[in-house]
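To start, the structure itself, in C-alpha coordinates.
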Amino acid sequence: MLDLKWILANQETMAGYLKARKHDFDLKTLVELDERRRKIIGETEDLKAKRNEGSRKIGSAKNNPDIDVNALKAEIKAMGDDIKNLDSELAEIEQKLHDCLMTLPNKLSDTTPIGNDENDNPVVRTWGEIRKFDFEPKAHWDIAEPLGIMDFEKGVMLAQSRFTVLKGLGARMERALVNFMLDLHTQKHGYLEVEPPFMVRSAILEGTGQLPKFAEDLYKLQNDDLWLIPTAEVPLTNLNRESILDEKDLPLYYTAYTPCFRREAGSAGRDVRGLMRQHQFDKVEMVKICTPETSYDELEKLTSNAEDVLKILKLPYRVVNLCSGDIGFGSCKTYDLEVWLPSQNKYREISSCSNCEDFQARRMNLRYRPSDPDKNGKIRFAHTLNGSGIAVGRTLIAIIENYQEQDGSVTIPEALVPYMDGLKKIEKI
RNA sequence: GGAGAUGUGGCCGAGCGGUCGAAGGCGGUUGACUCGAAAUCAUCUAAGCGGUGUUGUAGCCGCUUCUAGGGUUCAAAUCCCUACAUCUCCGCCA
(Lines give C-alpha, C1' and ligand atoms only; values in the text may rest on other atoms or scores of the structure.)
Protein backbone atom coordinates (compact mmCIF):
# COMPACT_ATOMS: atom_id res chain seq x y z
CA MET A 1 0.00 0.00 0.00
CA LEU A 2 1.20 3.46 -0.82
CA ASP A 3 0.65 6.72 1.04
CA LEU A 4 -2.60 8.22 -0.20
CA LYS A 5 -1.27 11.75 0.28
CA TRP A 6 1.76 10.93 -1.78
CA ILE A 7 -0.33 9.46 -4.58
CA LEU A 8 -2.61 12.49 -4.70
CA ALA A 9 0.35 14.86 -4.80
CA ASN A 10 2.23 12.81 -7.42
CA GLN A 11 -0.45 11.52 -9.73
CA GLU A 12 1.66 11.82 -12.85
CA THR A 13 4.56 9.92 -11.36
CA MET A 14 2.19 7.22 -10.20
CA ALA A 15 0.59 7.00 -13.63
CA GLY A 16 4.09 6.59 -15.05
CA TYR A 17 4.82 3.68 -12.74
CA LEU A 18 1.53 2.02 -13.68
CA LYS A 19 2.27 2.39 -17.35
CA ALA A 20 5.77 0.98 -16.95
CA ARG A 21 4.32 -1.96 -15.06
CA LYS A 22 1.65 -2.40 -17.73
CA HIS A 23 -0.85 -2.32 -14.94
CA ASP A 24 -4.37 -1.01 -15.45
CA PHE A 25 -5.55 1.15 -12.61
CA ASP A 26 -8.09 3.94 -12.39
CA LEU A 27 -6.42 6.73 -10.44
CA LYS A 28 -9.38 9.04 -11.06
CA THR A 29 -11.69 6.91 -8.95
CA LEU A 30 -9.20 7.08 -6.13
CA VAL A 31 -9.08 10.86 -6.28
CA GLU A 32 -12.86 11.16 -6.30
CA LEU A 33 -13.27 8.79 -3.40
CA ASP A 34 -10.82 10.82 -1.37
CA GLU A 35 -12.64 14.06 -2.12
CA ARG A 36 -15.92 12.59 -0.93
CA ARG A 37 -14.20 11.20 2.11
CA ARG A 38 -12.81 14.55 3.18
CA LYS A 39 -16.13 16.27 2.69
CA ILE A 40 -17.96 13.81 4.92
CA ILE A 41 -15.23 13.88 7.55
CA GLY A 42 -15.67 17.64 7.77
CA GLU A 43 -19.43 17.36 8.26
CA THR A 44 -19.36 14.52 10.74
CA GLU A 45 -16.60 16.07 12.82
CA ASP A 46 -18.49 19.35 13.14
CA LEU A 47 -21.51 17.49 14.43
CA LYS A 48 -19.46 15.42 16.82
CA ALA A 49 -17.73 18.49 18.21
CA LYS A 50 -21.16 20.01 18.95
CA ARG A 51 -22.38 16.82 20.53
CA ASN A 52 -19.35 16.54 22.75
CA GLU A 53 -19.73 20.12 23.83
CA GLY A 54 -23.37 19.53 24.77
CA SER A 55 -22.54 16.41 26.72
CA ARG A 56 -19.90 18.26 28.62
CA LYS A 57 -22.47 20.90 29.56
CA ILE A 58 -24.79 18.26 30.96
CA GLY A 59 -21.95 16.88 32.98
CA SER A 60 -21.23 20.25 34.51
CA ALA A 61 -24.97 20.88 35.14
CA LYS A 62 -24.66 19.03 38.42
CA ASN A 63 -23.47 22.19 40.08
CA ASN A 64 -25.50 24.56 37.90
CA PRO A 65 -29.26 24.06 38.29
CA ASP A 66 -30.03 26.78 35.71
CA ILE A 67 -29.29 24.55 32.75
CA ASP A 68 -32.26 22.71 31.28
CA VAL A 69 -30.81 19.27 31.08
CA ASN A 70 -33.77 17.61 29.40
CA ALA A 71 -33.87 20.08 26.54
CA LEU A 72 -30.16 19.61 25.97
CA LYS A 73 -30.50 15.85 25.97
CA ALA A 74 -33.24 15.98 23.36
CA GLU A 75 -31.19 18.31 21.20
CA ILE A 76 -28.14 16.13 21.31
CA LYS A 77 -30.10 12.98 20.73
CA ALA A 78 -31.51 14.49 17.57
CA MET A 79 -28.00 14.92 16.18
CA GLY A 80 -27.31 11.28 16.82
CA ASP A 81 -29.11 10.03 13.73
CA ASP A 82 -27.29 12.44 11.43
CA ILE A 83 -23.99 11.40 12.88
CA LYS A 84 -24.83 7.75 12.51
CA ASN A 85 -25.81 8.16 8.86
CA LEU A 86 -22.73 10.18 8.01
CA ASP A 87 -20.49 7.71 9.83
CA SER A 88 -21.87 4.73 7.97
CA GLU A 89 -21.53 6.56 4.66
CA LEU A 90 -17.96 7.42 5.59
CA ALA A 91 -17.20 3.84 6.56
CA GLU A 92 -18.46 2.68 3.19
CA ILE A 93 -16.29 5.15 1.31
CA GLU A 94 -13.24 4.40 3.41
CA GLN A 95 -13.73 0.71 2.76
CA LYS A 96 -13.85 1.35 -0.99
CA LEU A 97 -10.82 3.59 -0.79
CA HIS A 98 -8.94 0.98 1.17
CA ASP A 99 -9.91 -1.79 -1.26
CA CYS A 100 -8.77 0.43 -4.09
CA LEU A 101 -5.43 1.21 -2.46
CA MET A 102 -4.82 -2.45 -1.70
CA THR A 103 -4.93 -3.33 -5.39
CA LEU A 104 -2.50 -0.58 -6.39
CA PRO A 105 1.01 -1.90 -7.07
CA ASN A 106 4.18 -0.50 -5.55
CA LYS A 107 6.32 2.32 -6.89
CA LEU A 108 9.44 1.51 -8.88
CA SER A 109 13.03 2.18 -7.97
CA ASP A 110 14.96 4.53 -10.25
CA THR A 111 17.29 1.62 -10.86
CA THR A 112 14.53 -0.67 -12.10
CA PRO A 113 14.81 -0.68 -15.88
CA ILE A 114 11.77 0.00 -18.04
CA GLY A 115 10.79 -2.98 -20.15
CA ASN A 116 7.99 -5.24 -21.31
CA ASP A 117 8.82 -8.71 -20.11
CA GLU A 118 11.56 -11.07 -18.99
CA ASN A 119 13.44 -10.52 -22.26
CA ASP A 120 14.13 -6.96 -21.16
CA ASN A 121 15.79 -7.88 -17.86
CA PRO A 122 19.42 -6.72 -18.05
CA VAL A 123 22.08 -9.15 -16.82
CA VAL A 124 23.93 -7.58 -13.91
CA ARG A 125 26.66 -10.20 -13.56
CA THR A 126 27.46 -13.78 -14.38
CA TRP A 127 29.38 -16.21 -12.20
CA GLY A 128 30.94 -19.60 -12.72
CA GLU A 129 32.23 -21.69 -15.53
CA ILE A 130 29.62 -23.54 -17.56
CA ARG A 131 30.69 -27.15 -17.76
CA LYS A 132 31.41 -28.60 -21.19
CA PHE A 133 29.95 -32.08 -21.42
CA ASP A 134 31.55 -34.72 -23.62
CA PHE A 135 28.17 -36.40 -23.73
CA GLU A 136 24.61 -35.16 -24.13
CA PRO A 137 23.50 -33.89 -20.71
CA LYS A 138 20.17 -35.29 -19.58
CA ALA A 139 17.24 -33.57 -17.94
CA HIS A 140 17.02 -34.11 -14.17
CA TRP A 141 14.02 -36.44 -14.47
CA ASP A 142 15.92 -38.72 -16.80
CA ILE A 143 18.73 -38.93 -14.29
CA ALA A 144 16.75 -39.04 -11.05
CA GLU A 145 14.17 -41.63 -11.95
CA PRO A 146 16.64 -44.37 -12.90
CA LEU A 147 18.59 -43.56 -9.73
CA GLY A 148 15.41 -44.14 -7.74
CA ILE A 149 15.60 -40.77 -6.00
CA MET A 150 12.50 -39.13 -7.54
CA ASP A 151 9.14 -40.70 -8.27
CA PHE A 152 6.84 -38.52 -10.33
CA GLU A 153 4.09 -41.12 -10.73
CA LYS A 154 3.77 -41.63 -7.00
CA GLY A 155 3.39 -37.89 -6.54
CA VAL A 156 0.48 -37.87 -8.96
CA MET A 157 -1.00 -40.95 -7.33
CA LEU A 158 -0.95 -39.41 -3.86
CA ALA A 159 -1.99 -35.91 -4.85
CA GLN A 160 -2.19 -34.75 -8.45
CA SER A 161 0.11 -33.51 -11.18
CA ARG A 162 2.91 -31.17 -10.07
CA PHE A 163 3.55 -33.24 -6.97
CA THR A 164 6.63 -35.43 -6.64
CA VAL A 165 7.87 -38.01 -4.18
CA LEU A 166 11.54 -37.82 -3.25
CA LYS A 167 13.04 -41.10 -2.07
CA GLY A 168 16.26 -42.34 -0.57
CA LEU A 169 19.22 -40.10 -1.37
CA GLY A 170 16.89 -37.67 -3.17
CA ALA A 171 14.98 -37.01 0.03
CA ARG A 172 18.27 -37.07 1.87
CA MET A 173 19.83 -34.43 -0.35
CA GLU A 174 16.76 -32.22 -0.05
CA ARG A 175 17.21 -32.31 3.72
CA ALA A 176 20.96 -31.81 3.41
CA LEU A 177 20.40 -28.71 1.28
CA VAL A 178 17.98 -27.23 3.81
CA ASN A 179 20.49 -27.73 6.61
CA PHE A 180 23.36 -26.41 4.56
CA MET A 181 21.49 -23.25 3.61
CA LEU A 182 20.19 -22.56 7.11
CA ASP A 183 23.66 -23.10 8.58
CA LEU A 184 25.14 -20.69 6.07
CA HIS A 185 22.63 -17.93 6.73
CA THR A 186 22.58 -18.29 10.50
CA GLN A 187 26.31 -18.84 11.02
CA LYS A 188 27.89 -16.76 8.26
CA HIS A 189 25.29 -14.14 7.32
CA GLY A 190 23.78 -13.27 10.71
CA TYR A 191 20.19 -14.33 10.25
CA LEU A 192 17.90 -15.54 13.03
CA GLU A 193 16.42 -18.93 12.27
CA VAL A 194 12.65 -19.06 12.56
CA GLU A 195 10.12 -21.81 12.20
CA PRO A 196 6.81 -20.11 11.44
CA PRO A 197 3.30 -21.50 10.95
CA PHE A 198 2.77 -22.90 7.46
CA MET A 199 -0.81 -21.60 7.51
CA VAL A 200 -1.77 -17.98 8.06
CA ARG A 201 -4.85 -15.76 8.29
CA SER A 202 -6.09 -13.56 5.47
CA ALA A 203 -4.84 -10.35 7.08
CA ILE A 204 -1.31 -11.73 7.10
CA LEU A 205 -1.41 -12.32 3.36
CA GLU A 206 -2.80 -8.83 2.86
CA GLY A 207 0.20 -7.56 4.77
CA THR A 208 2.70 -8.90 2.28
CA GLY A 209 0.50 -8.26 -0.76
CA GLN A 210 -0.67 -11.72 -1.89
CA LEU A 211 -4.22 -10.73 -0.96
CA PRO A 212 -6.63 -9.38 -2.02
CA LYS A 213 -5.41 -9.51 -5.62
CA PHE A 214 -3.84 -12.95 -5.98
CA ALA A 215 -6.17 -15.30 -4.13
CA GLU A 216 -6.35 -17.66 -7.09
CA ASP A 217 -2.64 -18.48 -6.66
CA LEU A 218 -3.16 -19.68 -3.09
CA TYR A 219 -4.54 -22.75 -1.31
CA LYS A 220 -7.31 -21.89 1.12
CA LEU A 221 -8.61 -24.12 3.90
CA GLN A 222 -12.29 -24.81 3.67
CA ASN A 223 -13.47 -24.43 7.26
CA ASP A 224 -11.15 -21.77 8.59
CA ASP A 225 -9.78 -18.39 7.67
CA LEU A 226 -6.44 -20.01 6.97
CA TRP A 227 -4.32 -20.31 3.85
CA LEU A 228 -1.23 -22.38 3.09
CA ILE A 229 1.76 -20.08 2.78
CA PRO A 230 3.13 -19.59 -0.76
CA THR A 231 6.50 -18.55 0.71
CA ALA A 232 8.03 -18.00 4.16
CA GLU A 233 8.24 -14.32 3.22
CA VAL A 234 4.63 -14.09 4.39
CA PRO A 235 5.00 -15.18 8.03
CA LEU A 236 8.54 -13.78 8.40
CA THR A 237 7.78 -10.28 7.18
CA ASN A 238 4.63 -10.20 9.32
CA LEU A 239 6.51 -11.24 12.46
CA ASN A 240 6.74 -7.63 13.64
CA ARG A 241 3.50 -6.34 12.19
CA GLU A 242 1.50 -3.71 14.06
CA SER A 243 4.36 -2.68 16.22
CA ILE A 244 6.83 0.14 16.70
CA LEU A 245 10.42 -1.03 16.72
CA ASP A 246 13.42 0.87 18.03
CA GLU A 247 15.88 1.94 15.35
CA LYS A 248 18.72 0.53 17.46
CA ASP A 249 17.20 -2.94 17.01
CA LEU A 250 17.31 -2.65 13.20
CA PRO A 251 18.07 -4.23 10.85
CA LEU A 252 16.33 -7.51 11.67
CA TYR A 253 17.43 -10.56 9.67
CA TYR A 254 15.19 -13.63 9.59
CA THR A 255 15.61 -16.91 7.79
CA ALA A 256 13.31 -19.91 7.68
CA TYR A 257 12.93 -23.20 5.95
CA THR A 258 9.32 -23.91 4.99
CA PRO A 259 7.43 -25.80 2.36
CA CYS A 260 5.63 -23.44 -0.04
CA PHE A 261 2.24 -24.07 -1.58
CA ARG A 262 1.16 -22.53 -4.86
CA ARG A 263 -1.79 -23.30 -7.09
CA GLU A 264 0.16 -22.24 -10.20
CA ALA A 265 -3.05 -20.96 -11.76
CA GLY A 266 -2.25 -19.58 -15.18
CA SER A 267 0.94 -21.54 -15.66
CA ALA A 268 -0.73 -24.55 -17.26
CA GLY A 269 1.57 -26.20 -19.76
CA ARG A 270 4.75 -24.59 -18.44
CA ASP A 271 7.43 -26.83 -16.93
CA VAL A 272 4.99 -29.70 -16.65
CA ARG A 273 7.76 -32.29 -16.41
CA GLY A 274 10.05 -32.69 -13.49
CA LEU A 275 10.53 -30.83 -10.25
CA MET A 276 10.72 -27.35 -11.74
CA ARG A 277 7.21 -26.09 -11.02
CA GLN A 278 5.46 -27.86 -8.16
CA HIS A 279 2.38 -27.12 -6.07
CA GLN A 280 4.49 -27.88 -3.01
CA PHE A 281 8.18 -27.14 -2.78
CA ASP A 282 10.78 -26.42 -0.12
CA LYS A 283 12.47 -23.08 0.19
CA VAL A 284 14.82 -21.35 2.57
CA GLU A 285 13.80 -17.72 2.74
CA MET A 286 15.55 -14.59 3.99
CA VAL A 287 13.69 -11.52 5.23
CA LYS A 288 15.03 -8.16 6.41
CA ILE A 289 13.39 -5.29 8.21
CA CYS A 290 15.42 -2.08 8.11
CA THR A 291 15.38 1.70 7.79
CA PRO A 292 14.70 3.50 4.48
CA GLU A 293 18.28 4.81 4.43
CA THR A 294 19.79 1.35 4.37
CA SER A 295 17.33 -0.74 2.39
CA TYR A 296 19.11 -0.61 -0.97
CA ASP A 297 22.43 -1.54 0.60
CA GLU A 298 20.64 -4.33 2.40
CA LEU A 299 19.23 -5.53 -0.93
CA GLU A 300 22.75 -5.87 -2.33
CA LYS A 301 23.85 -7.82 0.72
CA LEU A 302 20.74 -9.99 0.66
CA THR A 303 21.34 -10.83 -2.97
CA SER A 304 24.95 -11.73 -2.29
CA ASN A 305 23.81 -13.95 0.60
CA ALA A 306 21.70 -15.89 -1.88
CA GLU A 307 24.56 -15.95 -4.39
CA ASP A 308 26.82 -17.47 -1.77
CA VAL A 309 24.68 -20.60 -1.74
CA LEU A 310 25.29 -21.09 -5.46
CA LYS A 311 28.95 -20.15 -5.24
CA ILE A 312 29.65 -22.63 -2.47
CA LEU A 313 27.82 -25.34 -4.38
CA LYS A 314 29.77 -24.27 -7.49
CA LEU A 315 26.66 -23.85 -9.60
CA PRO A 316 27.03 -21.33 -12.46
CA TYR A 317 24.48 -18.52 -12.33
CA ARG A 318 23.72 -15.02 -13.39
CA VAL A 319 21.94 -12.10 -11.75
CA VAL A 320 19.30 -10.15 -13.64
CA ASN A 321 17.58 -6.91 -12.68
CA LEU A 322 13.87 -7.38 -13.27
CA CYS A 323 12.40 -4.76 -15.56
CA SER A 324 9.22 -2.81 -14.90
CA GLY A 325 7.06 -5.18 -16.91
CA ASP A 326 8.33 -8.29 -15.12
CA ILE A 327 8.73 -7.14 -11.53
CA GLY A 328 6.28 -8.23 -8.84
CA PHE A 329 3.29 -6.31 -7.52
CA GLY A 330 4.86 -5.39 -4.18
CA SER A 331 8.47 -4.83 -5.17
CA CYS A 332 10.33 -1.64 -6.08
CA LYS A 333 13.42 -3.47 -7.22
CA THR A 334 14.12 -7.15 -7.72
CA TYR A 335 17.21 -9.16 -8.57
CA ASP A 336 16.56 -12.66 -9.84
CA LEU A 337 19.26 -15.29 -9.54
CA GLU A 338 19.19 -17.71 -12.44
CA VAL A 339 21.07 -20.98 -12.27
CA TRP A 340 22.47 -22.74 -15.32
CA LEU A 341 20.55 -25.84 -16.41
CA PRO A 342 22.54 -27.83 -19.02
CA SER A 343 19.55 -29.83 -20.26
CA GLN A 344 17.68 -26.66 -21.14
CA ASN A 345 20.82 -24.85 -22.21
CA LYS A 346 19.72 -21.77 -20.34
CA TYR A 347 19.56 -19.99 -17.00
CA ARG A 348 16.46 -20.53 -14.88
CA GLU A 349 15.20 -18.61 -11.85
CA ILE A 350 16.29 -20.02 -8.52
CA SER A 351 16.03 -16.99 -6.26
CA SER A 352 14.29 -13.65 -6.23
CA CYS A 353 15.49 -10.82 -4.00
CA SER A 354 13.29 -7.78 -3.57
CA ASN A 355 13.17 -4.45 -1.82
CA CYS A 356 9.54 -3.62 -1.08
CA GLU A 357 10.45 -0.30 0.60
CA ASP A 358 7.51 0.65 2.84
CA PHE A 359 4.81 -0.98 0.71
CA GLN A 360 4.35 -4.02 2.94
CA ALA A 361 5.13 -2.10 6.12
CA ARG A 362 2.16 0.18 5.48
CA ARG A 363 -0.10 -2.77 4.89
CA MET A 364 0.92 -4.37 8.15
CA ASN A 365 1.55 -1.17 10.11
CA LEU A 366 5.17 -2.02 10.80
CA ARG A 367 6.97 1.06 12.05
CA TYR A 368 10.04 2.13 13.96
CA ARG A 369 11.09 4.97 16.18
CA PRO A 370 14.18 6.76 14.84
CA SER A 371 16.94 7.16 17.41
CA ASP A 372 17.85 10.67 16.27
CA PRO A 373 14.94 12.89 17.35
CA ASP A 374 16.39 16.02 15.73
CA LYS A 375 16.48 14.60 12.27
CA ASN A 376 13.59 12.21 12.02
CA GLY A 377 11.92 12.20 15.40
CA LYS A 378 8.64 10.96 14.01
CA ILE A 379 7.68 7.34 13.86
CA ARG A 380 8.25 6.03 10.35
CA PHE A 381 7.40 2.98 8.34
CA ALA A 382 10.20 0.46 8.08
CA HIS A 383 11.43 -1.01 4.81
CA THR A 384 11.06 -4.74 4.17
CA LEU A 385 13.07 -7.03 1.92
CA ASN A 386 12.82 -10.66 1.06
CA GLY A 387 14.79 -13.15 -0.97
CA SER A 388 14.98 -16.85 -1.57
CA GLY A 389 18.05 -18.29 0.01
CA ILE A 390 17.33 -20.41 -2.06
CA ALA A 391 14.64 -22.59 -3.67
CA VAL A 392 15.60 -26.08 -2.51
CA GLY A 393 13.90 -28.21 -5.18
CA ARG A 394 15.41 -26.20 -7.96
CA THR A 395 18.81 -26.45 -6.31
CA LEU A 396 18.39 -30.20 -6.35
CA ILE A 397 17.62 -29.99 -10.07
CA ALA A 398 20.66 -27.82 -10.68
CA ILE A 399 22.96 -30.19 -8.80
CA ILE A 400 21.64 -33.28 -10.56
CA GLU A 401 21.99 -31.70 -13.98
CA ASN A 402 25.29 -29.90 -13.52
CA TYR A 403 26.97 -32.72 -11.61
CA GLN A 404 25.69 -35.60 -13.74
CA GLU A 405 28.13 -38.17 -15.11
CA GLN A 406 27.95 -40.18 -18.27
CA ASP A 407 27.21 -43.40 -16.36
CA GLY A 408 24.06 -41.88 -14.91
CA SER A 409 25.51 -41.14 -11.49
CA VAL A 410 25.56 -37.75 -9.80
CA THR A 411 28.57 -36.34 -7.99
CA ILE A 412 27.70 -34.61 -4.73
CA PRO A 413 29.07 -31.05 -4.45
CA GLU A 414 31.98 -30.88 -2.07
CA ALA A 415 30.29 -28.52 0.36
CA LEU A 416 27.35 -30.89 0.66
CA VAL A 417 29.36 -34.02 1.37
CA PRO A 418 29.49 -33.42 5.15
CA TYR A 419 25.71 -33.04 5.10
CA MET A 420 25.41 -36.39 3.27
CA ASP A 421 27.34 -38.44 5.82
CA GLY A 422 30.48 -38.23 3.69
CA LEU A 423 28.82 -39.69 0.62
CA LYS A 424 30.45 -38.37 -2.56
CA LYS A 425 28.31 -39.80 -5.29
CA ILE A 426 24.78 -41.01 -5.98
CA GLU A 427 24.93 -44.15 -8.06
CA LYS A 428 22.61 -46.81 -9.33
CA ILE A 429 22.46 -49.67 -6.87
C1' G B 1 -14.64 -29.40 24.41
C1' G B 2 -16.34 -27.65 29.91
C1' A B 3 -15.51 -23.88 34.23
C1' G B 4 -13.28 -19.41 35.98
C1' A B 5 -10.01 -14.99 35.59
C1' U B 6 -7.84 -11.36 32.48
C1' G B 7 -6.99 -8.09 27.85
C1' U B 8 -5.25 -0.12 29.13
C1' G B 9 0.23 4.10 25.90
C1' G B 10 7.24 1.88 23.43
C1' C B 11 6.95 -1.54 28.08
C1' C B 12 4.76 -2.45 33.16
C1' G B 13 0.54 -0.95 35.73
C1' A B 14 -3.76 2.15 38.19
C1' G B 15 -8.59 3.67 36.82
C1' C B 16 -14.65 0.55 36.95
C1' G B 17 -20.37 6.27 33.86
C1' G B 18 -18.83 12.87 32.77
C1' U B 19 -13.53 17.16 34.78
C1' C B 20 -9.63 10.40 31.57
C1' G B 21 -5.86 10.42 26.20
C1' A B 22 -5.90 8.15 30.78
C1' A B 23 -2.28 8.28 37.88
C1' G B 24 2.41 5.99 38.99
C1' G B 25 6.71 3.45 37.35
C1' C B 26 10.23 1.77 33.51
C1' G B 27 12.33 3.18 28.98
C1' G B 28 13.52 7.51 25.96
C1' U B 29 14.47 13.29 25.27
C1' U B 30 16.48 17.80 26.79
C1' G B 31 18.76 20.64 30.66
C1' A B 32 21.44 21.19 35.61
C1' C B 33 25.39 19.06 38.54
C1' U B 34 30.37 16.59 36.75
C1' C B 35 36.91 16.89 33.78
C1' G B 36 33.73 12.78 31.97
C1' A B 37 30.49 8.79 33.46
C1' A B 38 27.19 6.89 37.22
C1' A B 39 23.82 8.63 40.77
C1' U B 40 20.55 12.76 41.76
C1' C B 41 17.20 16.87 40.43
C1' A B 42 14.17 19.31 36.71
C1' U B 43 11.70 19.03 31.80
C1' C B 44 9.26 16.89 27.90
C1' U B 45 7.51 12.04 25.84
C1' A B 46 0.81 7.93 22.32
C1' A B 47 -0.93 7.28 17.39
C1' G B 48 -4.12 8.08 13.17
C1' C B 49 -7.23 11.37 10.52
C1' G B 50 -9.37 16.28 9.13
C1' G B 51 -8.77 21.58 9.21
C1' U B 52 -5.62 25.83 9.64
C1' G B 53 -0.72 27.30 9.00
C1' U B 54 4.60 27.36 7.92
C1' U B 55 5.55 25.88 2.80
C1' G B 56 10.22 21.68 3.46
C1' U B 57 7.89 19.15 7.84
C1' A B 58 6.73 24.07 14.11
C1' G B 59 2.24 25.71 16.20
C1' C B 60 -2.98 25.86 16.83
C1' C B 61 -8.21 23.78 16.49
C1' G B 62 -11.24 19.48 16.00
C1' C B 63 -12.42 14.16 15.49
C1' U B 64 -11.16 9.08 16.50
C1' U B 65 -8.57 5.32 19.21
C1' C B 66 -7.96 1.95 26.32
C1' U B 67 -7.99 -6.40 22.05
C1' A B 68 -11.99 -6.45 17.90
C1' G B 69 -17.20 -5.90 16.52
C1' G B 70 -22.07 -4.65 18.18
C1' G B 71 -25.44 -2.45 22.08
C1' U B 72 -27.32 0.80 26.40
C1' U B 73 -26.71 6.26 27.57
C1' C B 74 -27.01 13.20 26.50
C1' A B 75 -22.11 10.95 27.82
C1' A B 76 -18.35 4.44 28.04
C1' A B 77 -11.54 2.50 29.29
C1' U B 78 -15.57 2.11 32.94
C1' C B 79 -22.29 -1.13 32.02
C1' C B 80 -24.39 -5.26 28.52
C1' C B 81 -23.71 -8.90 24.29
C1' U B 82 -20.51 -11.50 20.76
C1' A B 83 -15.75 -12.85 18.87
C1' C B 84 -10.59 -13.48 19.49
C1' A B 85 -6.31 -13.99 22.61
C1' U B 86 -3.78 -15.06 27.33
C1' C B 87 -3.62 -17.51 32.21
C1' U B 88 -5.59 -21.39 35.82
C1' C B 89 -8.43 -26.00 36.59
C1' C B 90 -10.90 -30.36 34.19
C1' G B 91 -11.42 -33.47 29.71
C1' C B 92 -9.00 -35.09 25.15
C1' C B 93 -4.62 -35.70 22.39
C1' A B 94 1.00 -36.07 19.42
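In what follows, chains are A, B, ... by sequence order, proteins preceding strands, each numbered from 1.
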**OP:** On RNA chain B, check which nucleotide each of A/Arg38 and A/Lys73 is closest to and give me the residue with the more 5' one.
**Re:** A/Arg38

Original post:
Rounded to whole angstrom units, what separation is found between the CG atom of A/Leu245 and the P atom of B/A46?
Top reply: 19 Å

**OP:** For A/Asp46 and B/U64, give me the distance from atom CG to atom C1', rounded to whole Å.
**Re:** 15 Å

Original post:
Looking across every strand, which nucleic acid part, if any, lies under 4.0 Å from A/Lys5 by heavy atom: base, sugar-phosphate, or nothing?
Top reply: sugar-phosphate

Original post:
Mind checking the C1' distance from B/G25 to B/U8? Whole angstroms is fine.
Top reply: 15 Å

Subject >> P gap between B/A22 and B/U57, integer Å >> reply: 27 Å

**OP:** Keeping to residues at least two apart or across chains, list the ring pair (Phe, Tyr, Trp, His ring centres under 6.0 Å) pairs with something in residues 17-59 of chain A.
**Re:** none

Original post:
Using atom P of each nucleotide, how far apart are B/U67 and B/U34 to the nearest Å?
Top reply: 47 Å

Subject >> Selection residues 26-48 of chain A - residue pairs positive for ring pair (Phe, Tyr, Trp, His ring centres under 6.0 Å), sequence neighbours left out >> reply: none

**OP:** May I have the distance from A/Arg201 (atom CZ) to B/A85 (atom P), rounded to whole angstrom?
**Re:** 10 Å

**OP:** Could you tell me whether the phosphate oxygens of B/A75, OP1 or OP2, come under 4.0 Å of any side-chain nitrogen or oxygen in A/Arg56?
**Re:** no

Original post:
Which whole-number value in Å describes the distance from A/Asp34 CG to B/C49 P?
Top reply: 12 Å

Original post:
Got a sec, which residues hit ring-ring contact (aromatic ring centres under 6.0 Å, His included) with A/His383, two or more places apart in sequence or on another chain?
Top reply: none

Original post:
Which residues satisfy the ring-ring contact (aromatic ring centres under 6.0 Å, His included) test with A/Tyr257, sequence neighbours excluded?
Top reply: none

**OP:** May I have all residue pairs that pass salt bridge (Lys or Arg N to Asp or Glu O under 4.0 Å) and include part of residues 71-91 of chain A, sequence neighbours excluded?
**Re:** A/Lys48-A/Asp87

**OP:** For A/Asn355 and A/Ser295, test the side chains for any donor-to-acceptor distance below 3.5 angstrom and give the result as yes or no.
**Re:** yes

Original post:
Taking only residues two or more places apart in sequence or in another chain, which ones pass ring-ring contact (aromatic ring centres under 6.0 Å, His included) with A/Phe359?
Top reply: A/Phe329

Original post:
Do any side-chain nitrogens or oxygens of A/Asn52 fall under 4.0 Å of OP1 or OP2 in B/C63?
Top reply: yes

Original post:
How far does the P atom of B/U6 sit from the matching atom of B/G13, given to the nearest Å?
Top reply: 14 Å

Original post:
A/Phe198: what forms a ring-ring contact (aromatic ring centres under 6.0 Å, His included) with it, not counting sequence neighbours?
Top reply: none

**OP:** Report the secondary structure of RNA chain B in dot-bracket form, marking unpaired bases with a dot and bases paired to a different strand with |, and treating Watson-Crick or G-U pairs with both distances under 3.5 Å as paired.
**Re:** ((((((((.[[[..)..(.....]]]((.(((.......))).))(((((((......))))))).[[[[[..)....]]]]])))))))....

**OP:** Quick one: which residue pairs count as a ring pair (Phe, Tyr, Trp, His ring centres under 6.0 Å) with a foot in residues 159-178 of chain A, not counting sequence neighbours?
**Re:** A/Phe163-A/His279

Subject >> Interatomic distance where CG belongs to A/Leu86 and P belongs to B/G50 [whole Å] >> reply: 17 Å

**OP:** Provide the distance between the two P atoms, one in B/A85 and one in B/U29, to the nearest whole Å.
**Re:** 38 Å

Original post:
Which parts of residues 74-85 of chain A get close to RNA chain B, meaning a heavy atom less than 4.0 angstrom away?
Top reply: A/Ile76, A/Lys77

**OP:** Give, for atom NZ of A/Lys288 and atom OH of A/Tyr253, the distance between the pair rounded to the nearest 0.5 Å.
**Re:** 3.5 Å

Subject >> Nearest-nucleotide 5' precedence on RNA chain B, A/Glu94 against A/Glu53 >> reply: A/Glu94

Original post:
Nearest-Å distance, CD1 (A/Ile41) to C1' (B/U64)?
Top reply: 10 Å

Subject >> Of all pairs that satisfy salt bridge (Lys or Arg N to Asp or Glu O under 4.0 Å), the ones with a partner from residues 417-429 of chain A, not counting sequence neighbours >> reply: A/Arg172-A/Asp421

For nucleotides 7-13 of chain B, list the nitrogen or oxygen atoms of the protein found under 3.5 Å from its nitrogen or oxygen atoms, one pair per line.
unit_1 : atom_1 : unit_2   : atom_2 : d
B/G10  : O4'    : A/Arg369 : NH2    : 3.4

Original post:
In whole Å, what separates the C1' atom of B/C63 from that of B/U82?
Top reply: 27 Å

Subject >> Pair A/Arg277 + A/Glu264: basic N to acidic O under 4.0 Å >> reply: yes

**OP:** Rounded to whole angstrom, note down the P distance from B/U52 over to B/U30.
**Re:** 34 Å

Subject >> Over 12 foreign heavy atoms within 6.0 Å of CD, A/Glu216 >> reply: yes

Original post:
Expressed in angstrom and rounded to an integer, what is the separation of A/Asp87 atom CG from B/C49 atom P?
Top reply: 18 Å

Original post:
For A/Arg51 and B/C63, what is the distance between atoms CZ and P respectively, to the nearest whole Å?
Top reply: 10 Å

Original post:
Can you tell me how far C1' in B/A58 sits from the matching atom in B/U72, rounded to whole Å?
Top reply: 43 Å

